[in-house]
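Read through the structure below, which is laid out as structure tokens, and then see the notes.
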Amino acid sequence: MARTLVFEYEGSIAGDLMLMIQDGWAQREAADLAHGTQAELGWALDPALGGKGLATEAVRELIRIAFDELGLRRVTAGAFADNERSTRVMERVGMRREAYNIKESFHRDLGWLDGIEYALLAEEWRTRA
Ligand SMILES: CC(C)(COP(=O)(O)OP(=O)(O)OC[C@H]1O[C@@H](n2cnc3c(N)ncnc32)[C@H](O)[C@@H]1OP(=O)(O)O)[C@@H](O)C(=O)NCCC(=O)NCCS
């Protein structure tokens, strides 16, 4: 739960967000400089509340928290490659597709599926804001 936030709509919980702080890759002698500088984000919305822009608004706020309040330098997010709704959320908030990974994510019913990864840097977000 330390990585989980919830967001509300009209007084009830509408969905949840994940913010998992991670280290950037670095050589051992430079590891301190990369420690805790980035985060993986995730989100899920009550299906009854889909199609109103609530997840997009929540993810925008999550990114603001990551960059403005926590001072992180990079955020990433991943999804199954066929997750079109989540892909549209990532693109609406200005994230960039950086990877398409073949059969890297396991789905309980469908087996190994392709995955996509998106990212955004603090300086890109500030420039656009
Ligand atoms: C991913 C997920 C959150 C997307 O839900 P969503 O309802 O499509 O997203 P939003 O709440 O941001 O709504 C966006 C939709 O509302 C529409 N919309 C209506 N009013 C809007 C507004 N004021 N602002 C923005 N979008 C608006 C948008 O056009 C968009 O529809 P479209 O994608 O058909 O163009 C949802 O499908 C989900 O919870 N999936 C399961 C969990 C999951 O897959 N998580 C991702 C892995 S990390």
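Each ligand, and each atom within it, is numbered from 1 in the order the structure gives. What's counted below: heavy atoms across the whole structure, side chains too, no hydrogens, waters or symmetry copies.
- Residue Gly51 has at least one N or O atom closer than 3.5 Å to an N or O atom of ligand 1.
- Residues Ile63 and Val93 are in side-chain contact: their nearest non-hydrogen atoms beyond the backbone lie under 4.5 Å apart.
- In terms of polar-atom proximity, defined here as any N/O pair under 3.5 Å, Leu49 makes no such contact with ligand 1.
- Annotation: Leu54 places an N or O atom under 3.5 Å from an N or O atom of ligand 1; distance criterion only.
- Looking from atom 46 (C) of ligand 1 to the surrounding protein, the closest heavy atom is Ser86 OG, 3.1 Å.
- Nearest protein heavy-atom neighbour of atom 12 (O) of ligand 1: Thr56 OG1, 2.5 Å.
- Heavy-atom proximity to Asn83, at under 4.0 Å, picks out these atoms of ligand 1: 43 (C), 44 (O), 46 (C).
- For ligand 1, the polar-atom distance check against Gly78 finds no nitrogen or oxygen pair separated by under 3.5 Å.
- Between Phe67 and Trp125, the ring-plane angle classifies as tilted under the 30° and 60° cut-offs.
- The shortest side-chain heavy-atom distance between Phe7 and Glu61 does not fall under the 4.5 Å cut-off.
- Protein heavy atoms all stay at least 4.0 Å away from atom 2 (C) of ligand 1.
- Leu45 CB, 4.4 Å is the protein heavy atom nearest to atom 36 (C) of ligand 1.
- The residue from Lys52, Arg92, Arg88 that puts a heavy atom closest to atom 28 (C) of ligand 1 is Arg92.
- Salt-bridge formation is not detected for the pair Asp16/Arg3: no Lys NZ or Arg NE/NH1/NH2 atom is positioned less than 4.0 Å from an Asp or Glu carboxylate oxygen.
- Looking only at side-chain heavy atoms (C-beta outward), Leu120 and Arg74 stay at 4.5 Å or farther from each other.
- Not a single protein heavy atom sits closer than 4.0 Å to atom 40 (N) of ligand 1.
- Ranking the protein heavy atoms by distance from atom 43 (C) of ligand 1 puts Trp43 O, 3.7 Å first.
- Gln22 places none of its side-chain heavy atoms less than 4.5 Å from the side chain of Leu72.
- The structure places CE of Met90 at 13.0 Å from CZ of Arg85, a figure rounded to the nearest 0.5 Å.
- Checked against a 3.5 angstrom limit, the closest N/O atoms of Arg85 and ligand 1 fall inside it.
- Distances from atom 30 (C) of ligand 1 to the protein include at least one heavy-atom value under 4.0 Å.
- A salt bridge is defined here as a Lys NZ or Arg NE, NH1 or NH2 lying under 4.0 Å from an Asp or Glu carboxylate O, and Glu57 with Arg60 fails to meet this definition.
- Not a single heavy atom of Glu57 sits closer than 4.0 Å to an atom of ligand 1.
- Taking 4.5 Å as the limit, some side-chain heavy atom of Leu19 sits within range of a side-chain heavy atom of Leu70.
- Ile116 has its side chain within reach of Arg97: a pair of non-hydrogen atoms, C-beta onward, lies under 4.5 Å apart.
- Given atom 11 (O) of ligand 1, the protein heavy atom at minimum distance is Ala55 N, 2.9 Å.
- Counting heavy atoms only, Gly53 comes closest to atom 27 (C) of ligand 1 of the residues Gly53, Gly15, Ala58.
- Looking at heavy atoms from C-beta onward, Phe80 lies out of side-chain contact with Ser86 at the 4.5 angstrom threshold.
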